[in-house]
Structure formats: structure tokens, C-alpha cells
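Only a predicted model underlies this, so the values are computations on that prediction, with no experimental measurement involved.
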Amino acid sequence: MHWVSDSDGSDNFEWDSDGNGEQTVSFNAAGAGSSALAATNTDAPGPSTRVANGNGKAGRSASLVQKYVDMGFSEEIVLKAMKDNGDNGADSLVELLLTYQELGNDLKVDNDFASSCAPKTADDSDDDDTLEIWDDEDAGGRSTRVANSVDDSDDEDFLHEMSRKDEKVDSLVKMGFPEDEAALAITRCGPDASISVLVDSIYASQTAGDGYCGNLSDYEDNSYGGRSTGNKKKRKRYGGQAQGSRGPLDGSCDEPMPLPHPMVGFNLPDQWSRRVDRSLPAQAIGPPYFYYENVALAPKGVWTTISRFLYDIQPEFVDSKYFCAAARKRGYIHNLPLENRSPLLPIPPKTISEAFPRTKRWWPSWDPRRQFNCLQTCVSSAKLLERIRVALTNSSDPPPPRVQKYVLEECRKWNLAWVGLNKVAPLEPDEMEFLLGFPKDHTRGISRTERYRSLGNSFQVDTVAYHLSVLKDLFPQGMNVLSLFSGIGGAEVALHRLGIQMNTVISVEKSEVNRTILKSWWDQTQTGTLIEITDVQTLSSERIEAYIRRIGGFDLVIGGSPCNNLTGSNRHHRDGLEGEHSALFHHYFRILHAVKSIMERL
């Protein structure tokens with residue numbers, strides 16, 4: 001997967017905003033590199049947790065306590081764990097600390113310990129923003145508020161606001177992790193995340209090649225499956241394994257399926273062609289062809305399980321940053337041919353500055369981003385944008401490293417672009433459509449909140465189309481498609497842009513809003529038959545057989561089940577394939593198996 005387009009061929013990207021009458025600002029950016037500007041906080045304000053002896057100096061036991069406090073554990077938890085651990089050694093103590101850290105409120109200890117472990121909450125009841133947002137005051141109570149005045153007390157407040165995150169960054173750095181990776185892990189997982197969760201996030205990012213704005217040619221000097229050997233000790237300690245050593249798919253291995261670095265799939269357009277040794281079992285060979293998608297950075301064991309259900313086929317992990325100006329790390333399991341793939345034309349821009357040239361005027365030299373992060377279902381609040389503006393206005397030019405670090409972290413987290421002097425703004429829905437490969441106004445006509453949600457859950461059309469392009473020559477007379485979890489029609493748009501005729505599409509999608517979007521697009525662009533079903537759970541084998549008899553069978557079964565319980569941004573219900581929403585994957589397999597069985601029998 002590499003370069004692909006979603007535009008209609010127009011280089012002008014100045015669409016009007018729908019909703020509040022304000023003129024949409026089109027974005028653009030410049031810069032390169034993947035590392036964040038960050039300065040280690042060695043003088044963060046706050047009370048000391050060091051235990052002193054009678055003369056005011058830290059004793060030997062106090063140093064041991066401080067060692068674990070520096071790793072991110074509270075002093076109370078450290079003292080309790082040391083008491084409960086006895087003489088069992090350092091490894092046992094670390095395990096106990098991690099256990100207590102994860103238990104949080106459920107930890108049955110003295111009142112003092114319980115009060116220190118209880119997570120704090122924050123209320124942002126005065127937020128008038130009508131969009132669905134992640135609260136700017138996160139679950140740990142850390143406020144990112146920046147004062148509106150320039151006096152010394154406001155500067156001190158700003159430093160206090162950053163000190164908590166800096167303490168965790170310092171702890172991770174002392175454990176041997178790079179500072180920028182530590183900061184990014186906290187941004188992803190939130191400031192309330194335990195050290196063990198942050199370590200897992202850093203390892204997953206290292207394995208996946210997770211750079212926010214890495215150079216597009218970074219993969220040229222690496223072979224698929226290759227990686228640096230500099231973190232072997234950490235991988236061993238925290239459950240990692242060597243890249244390229246694919247574990248068994250029988251569920252006996254608890255290790256995560258290794259992700260390629262760089263995440264370029266089996267091949268990319270207009271790049272080197274390498275041999276991929278992928279043999280499909282007899283029961284997986286198409287037609288019918290199938291194509292399944294979900295987030296790459298899923299909890300441990302998820303992709304092993306998915307692969308086991310889908311005929312033990314090796315997943316193809318791809319980051320859509322090689323196809324557009326935004327990252328989107330996804331895994332795909334399919335039985336499509338791998339030869340003769342071709343990208344959509346015109347090739348879309350791969351950098352922010354190329355995609356949105358008007359932002360180039362305002363992009364500061366200290367913002368190195370060249371691409372956006374994964375496009376989400378929600379956007380930042382207006383209050384955060386104002387805090388950033390005030391912080392920059394009250395700073396020198398360029399801002400001090402501490403302010404730069406704060407602003408860059410928020411810009412990366414929320415995909416903010418520069419639209420004026422000291423002014424950032426989130427992407428408009430129209431601009432998200434452009435980055436994801438959908439036609440202009442594809443989601444227009446629904447609320448902005450619904451547009452963000454629908455687009456954030458969609459396929460990246462250019463990436464998917466590159467994989468599906470092999471079907472064009474196989475089905476010159478058109479195809480019958482069973483589209484599961486159709487969303488806003490990413491698969492259908494991809495096939496249409498490839499010039500593949502869709503004779504009949506049976507679309508299964510729960511959201512009425514998404515069904516409306518797909519139906520509207522279909523009526524404007526297609527001549528075939530669209531049949532819409534509201535729930536995969538109602539698509540029984542008998543109903544599938546009736547459709548197969550009616551239309552003559554399916555040529556492609558495509559879809560991606562909900563990722564709600566898989567994505568790292570879901571801190572509260574990341575339950576894997578057993579989660580309420582992500583468990584619907586099993587219906588994808590059930591339906592696929594029924595289609596194959598019925599078509600073989602008929």
C-alpha cells in the first residue's frame with residue numbers, strides 16, 4: 001500500500017463548512033521528522049515523596065522507596081508492597097507493585113492507601129461544545145488550562161499543570177525508554193495509565209513502527225520483519241518477542257502477533273516488489289473472495305485469534321500514511337491475489353503541506369509534523385484551542401521548549417493544523433473525507449458530530465482499493481458483494497473508484513445514519529441493486545441461502561467488525577474480542593463460513 005488518491009482530481013480544497021455558518025479554513029503544513037520537541041522536566045514543582053531519616057538525609061531504605069516512586073508508583077503503594085513482599089526479591093516486588101497499581105480502587109488496604117489509589121475524576125460541566133469530544137481535563141484530574149494573563153502566578157500554574165505528566169516521562173526515561181516515546185505513550189493512554197500500561201504501549205509502538213510523522217522513505221533501508229536489536233532486554237522483560245517469528249495460531253501462545261516495521265503490508269505501489277510466501281489452505285481459496293479489516297494495535301492475542309478463525313491466513317498490516325497524509329494502522333486478512341495490484345488515480349498527496357497548502361503560511365518551524373495521526377471519531381474542544389492560543393501569545397517567539405512540548409502533544413493528539421497566527425483548529429469533516437478517499441460531501445447532510453463519528457470509523461479508501469484492485473480483471477461483468485458492517489460505504493466507494501461494476505450489494509449496517517449516507521451515494525452513482533439489512537445477527541443461514549439462490553452467489557464478502565473494544569483509545573472497555581461490540585467479529589466468520597458452505601453445496 002503506498003500512494004493512492006481520494007480526490008476528484010481537483011487540487012483546490014476550499015470547501016464551505018456546513019453547520020454554523022462559519023467559513024471553513026483549509027489546511028496545509030510543512031516540516032518533516034518524527035520526533036517531538038521535548039525537554040525533560042527536572043524541576044517540576046510539587047511535594048517531595050522522599051523519605052528522610054532523622055538528620056534530614058535520605059537513608060538506604062528511603063532510596064529504595066524513591067527508586068520505585070521514580071518508576072511511577074505512589075509512595076503508599078510502594079510501602080505496602082515492600083511490607084507484603086517480605087524477602088521474596090525484587091522481581092516479586094515489581095509484580096506486586098504492578099498488581100496494586102492496576103487494582104486501583106479495588107485494592108483492599110488501609111484508608112491511607114485506599115485514598116492514594118483511588119482515581120480522581122474531573123468535571124467539565126461548563127463545556128458548551130456541541131461536538132462529541134474527549135474531555136480536555138482527563139480522568140486523572142490534570143487540567144491543561146493555561147491562564148489568560150501573563151503574571152508569574154499564571155506561569156507557575158502552567159508549570160504545575162505539566163508536572164504530573166513530566167514525572168511519568170522521567171520515570172519511563174529512567175527505565176531506559178526514549179523521552180519522546182514516553183511522552184507519546186502518555187498521550188495515547190492518558191496520564192492515569194499505569195507504568196505497565198505505558199510500557200506495553202511503547203513496546204507496541206516500537207514493534208509497529210509508530211512514528212507520528214516519519215519520513216515516507218524510512219522503509220527503504222529495512223526488510224520486512226527487520227528491526228533494531230537495541231531493546232531486547234526490555235522485550236524480554238515486558239513480554240516482547242523477536243520480529244518476524246510468527247507464533248502459533250492455536251491459541252497456546254500468549255504473545256502478541258508481531259507487527260512489521262515499517263507497516264507496509266506485502267507490497268506498496270510503485271515500490272520494490274518482493275516475494276511473499278503466502279500459501280492459502282484449500283478451504284480459503286476463492287471465489288468467493290473475502291476481506292476483513294480491523295485495528296492493527298489490538299490487545300494481545302486478538303490477531304492470533306482472528307487469524308485462527310480465518311483459515312490461519314497471515315494478516316497484512318498496513319499504515320495508510322503510505323497512501324495519504326494521515327496514519328491509519330490496520331490489519332487485513334484476505335484471500336485476494338497479491339500480484340498485479342494497482343493504485344487509485346490520481347495519486348493523493350502524502351504530506352500535510354501538499355494536501356492543505358494554505359496552512360503552510362502559518363506552520364511554525366518548531367512543528368515537525370508532515371502527516372496527521374489516525375483520524376478519530378471526535379475532535380478537540382474550543383476551550384483547548386483557546387488555551388493553546390493564549391499559551392503561545394504569552395510566550396516568546398519561538399516559544400520556550402516547555403510550551404512547544406505542550407502544544408505539539410495536543411496537536412498530535414487531536415490532529416490540529418495551523419490556520420492563523422498562534423491559531424490551531426481541528427480538521428473539518430470535508431477535509432477528513434478528502435484524507436480518507438471519499439468524494440466531496442459524501443457525509444454532508446447529517447450533524448457534524450455524526451460526520452466525525454462516521455468518518456472516524458471508516459475505511460481508508462485508497463488503501464483498501466489497492467488491495468481490491470486485483471478483482472477488476474477477474475470480474476469484467478461485475479460482482480455481487482456481501483458487505484458486512486458497511487459503515488458509510490468505504491468498500492463500495494473503493495470498488496466504484498476502481499471501475500468495478502457492482503451488480504448487487506447486500507449491505508449490513510446497524511447505524512441508520514450510515515445507511516442513509518450509503519443509500520444516498522448509491523442512488524447518485526450506481527445502477528445495480530442495493531439491499532440494506534440492519535443487523536448481522538439477523539442474517540441467518542437460511543436468509544443467506546435465499547439471497548444466494550436469488551442472485552447466483554457472492555463474489556466478495558467484505559467488512560470490518562467494530563473496533564470499540566480493541567482500540568488503545570478505549571481505556572475503560574478494551575476487552576478484546578470478548579467485548580460487547582468487538583465480539584461481532586464472530587458473526588463475520590459465521591456468515592463467511594455459511595456463504596462458502598452454501599455455495600459449495602449449491
For the residue pair Gln376 and Met432, what are the closest heavy atoms and their distance? O-CE, 3.6 Å
Non-hydrogen side-chain atoms of Trp362 and Val424 separated by less than 4.5 Å: no
Do Tyr291 and His467 have ring centres separated by under 6.0 Å? yes
Acceptor/donor pairs from residues 474-486 side chains to any protein atom, 3.5 angstrom cut, sequence neighbours excluded:
from   : atom 1 : to     : atom 2 : distance (Å)
Asn480 : OD1    : Thr504 : N      : 3.4
Asn480 : ND2    : Ile551 : O      : 3.2
Asn480 : ND2    : Gly553 : O      : 3.2
Ser483 : OG     : Ser486 : OG     : 2.7
Ser483 : OG     : Glu492 : OE2    : 2.8
Ser486 : OG     : Ser483 : O      : 2.9
Ser486 : OG     : Ser507 : OG     : 2.7

Distance, nearest 0.5 Å, that separates OG of Ser380 from CD of Glu410: 8.5 Å
Does the side chain of Ile446 come within less than 4.5 Å of Thr516's, by heavy atoms? no
Determine whether Leu427 and Phe372 make a side-chain contact, defined as any pair of heavy atoms from C-beta on separated by less than 4.5 Å. yes
Donor-acceptor under 3.5 Å (Trp303 side chain, Val295 main chain): yes
If only side-chain N and O atoms count, and only distance matters, is there a donor-acceptor pair under 3.5 Å linking Ser454 with Asn514? yes
Close side-chain approach of Ile558 to Tyr289, heavy-atom, < 4.5 Å: no
Please check if the side chain of Gln526 supplies one atom and the backbone of Trp522 the other of a donor-acceptor pair under 3.5 Å. no
Would you check if Glu428 and Arg448 make a side-chain contact, meaning some heavy-atom pair closer than 4.5 Å? yes
If only atom types and distance count, is the side chain of Arg369 paired as donor or acceptor with the main-chain N or O of Leu416 below 3.5 Å? yes
Ring pair (Phe, Tyr, Trp, His ring centres under 6.0 Å) against His587, all qualifying residues, sequence neighbours excluded: none
Determine which pairs satisfy salt bridge (Lys or Arg N to Asp or Glu O under 4.0 Å) with at least one residue from residues 586-602, sequence neighbours left out, and list them in order. Glu545-Arg601
Can we say Glu450 and Arg453 salt-bridge, meaning some charged N sits less than 4.0 Å from an Asp/Glu carboxylate O? yes
Can you confirm whether the side chains of Tyr452 and Asn457 place a donor and an acceptor under 3.5 Å from each other? no
Contacts of Thr525 that satisfy side chain to side chain contact (heavy atoms under 4.5 Å, CB included) - sequence neighbours left out: His496, Trp521
Test side chain to side chain contact (heavy atoms under 4.5 Å, CB included) on Phe554 and Tyr547; report intermediate values, then the result. CA-CA 9 Å; Phe554 293 106; Tyr547 284 126; 4.2 Å; yes
Glu386 bridged to Arg389 by N-O distance under 4.0 Å: yes
From His593 NE2 over to Tyr311 OH, what is the distance, rounded to the nearest 0.5 angstrom? 6.5 Å
Salt bridge (Lys or Arg N to Asp or Glu O under 4.0 Å) filter on Glu293, not counting sequence neighbours, yields Arg330
Identify the two heavy atoms, one from Gln371 and one from Cys324, that lie closest to each other, and give their separation to 0.1 Å. NE2-O, 3.1 Å
For the pair Glu509 (side chain) and Gly487 (backbone), establish whether a donor and an acceptor sit closer than 3.5 Å, ignoring hydrogens and angles. yes
The test is side chain to side chain contact (heavy atoms under 4.5 Å, CB included); show your working for Phe290 and Leu556 and say whether it passes. CA-CA 5 Å; Phe290 65 88; Leu556 174 66; 5.6 Å; no
With sequence neighbours left out, the residues meeting side chain to side chain donor-acceptor pair (under 3.5 Å) with Asn340 are none
Is a donor from one side chain sitting under 3.5 angstrom from an acceptor on the other, for Glu433 and Thr443? yes
Would the number of heavy atoms belonging to other residues, nucleotides or ligands and lying under 6.0 Å from CZ of Arg550 be above 12? no
Any side-chain heavy-atom pair from Lys423 and Ile388 closer than 4.5 angstrom? no
Would you please name every residue forming a ring pair (Phe, Tyr, Trp, His ring centres under 6.0 Å) with Tyr588, sequence neighbours left out? Tyr292
For Gln501, the side chain to side chain donor-acceptor pair (under 3.5 Å) test, sequence neighbours excluded, returns Asn503
Could you tell me whether the side chain of Ser469 and the main chain of Tyr466 form a donor-acceptor pair under 3.5 Å? yes
Under 3.5 Å, is there a donor-acceptor pair between the side chain of Asn335 and the main chain of Ala284? yes
What is the distance from atom CG of Asn415 to atom CD of Glu431, rounded to the nearest 0.5 Å? 11.5 Å
Go through the structure and list residues passing side chain to side chain donor-acceptor pair (under 3.5 Å) with Ser520, not counting sequence neighbours. Gln524
Minimal heavy-atom distance between Ile500 and Leu468, with the atoms involved, is CD1-O, 4.1 Å
Separation between CZ (Phe309) and CD1 (Ile333), nearest 0.5 Å, reads 11.5 Å
Taking salt bridge (Lys or Arg N to Asp or Glu O under 4.0 Å) as the cut-off, I'd like each qualifying pair that reaches into residues 515-535, sequence neighbours left out, listed once. Lys519-Asp523
Looking at every non-hydrogen atom in both residues, tell me the closest pair between Ala494 and Val461 and how far apart they are. CA-CG1, 3.8 Å
For a quick test of reading the model, state the closest non-hydrogen atom pair linking Leu436 to Ser458 and the distance between them. CD1-OG, 3.5 Å
Shortest non-hydrogen contact between Leu518 and Gly489, atoms and distance: CD1-CA, 3.8 Å
Do Lys329 side-chain atoms and Met263 backbone N/O form a donor-acceptor pair below 3.5 Å? no
Atom OG1 of Thr463 and atom CG of Asp319: how far apart are they, to the nearest 0.5 Å? 8.5 Å
CZ/Arg412 to CG/Asn373 distance, rounded to the nearest 0.5 angstrom? 8.0 Å
For a 4.5 angstrom cut-off between non-hydrogen side-chain atoms, does Phe585 reach Asn294? no
For a 4.5 angstrom cut-off between non-hydrogen side-chain atoms, does Gln537 reach Leu539? no
Of Arg444, Lys440, Arg451, the residue whose pairing with Asp430 passes side chain to side chain donor-acceptor pair (under 3.5 Å): Arg451
Which residues pass the ring pair (Phe, Tyr, Trp, His ring centres under 6.0 Å) test with Phe459, not counting sequence neighbours? none
State which residues pass side chain to side chain donor-acceptor pair (under 3.5 Å) with His442; sequence neighbours excluded, sorted by chain then number. none
Test salt bridge (charged side-chain N to carboxylate O under 4.0 Å, His left out) on Arg341 and Glu316 and set out the steps. CA-CA 14 Å; Arg341 289 173 165 179; Glu316 181 171 12; 2.8 Å; yes
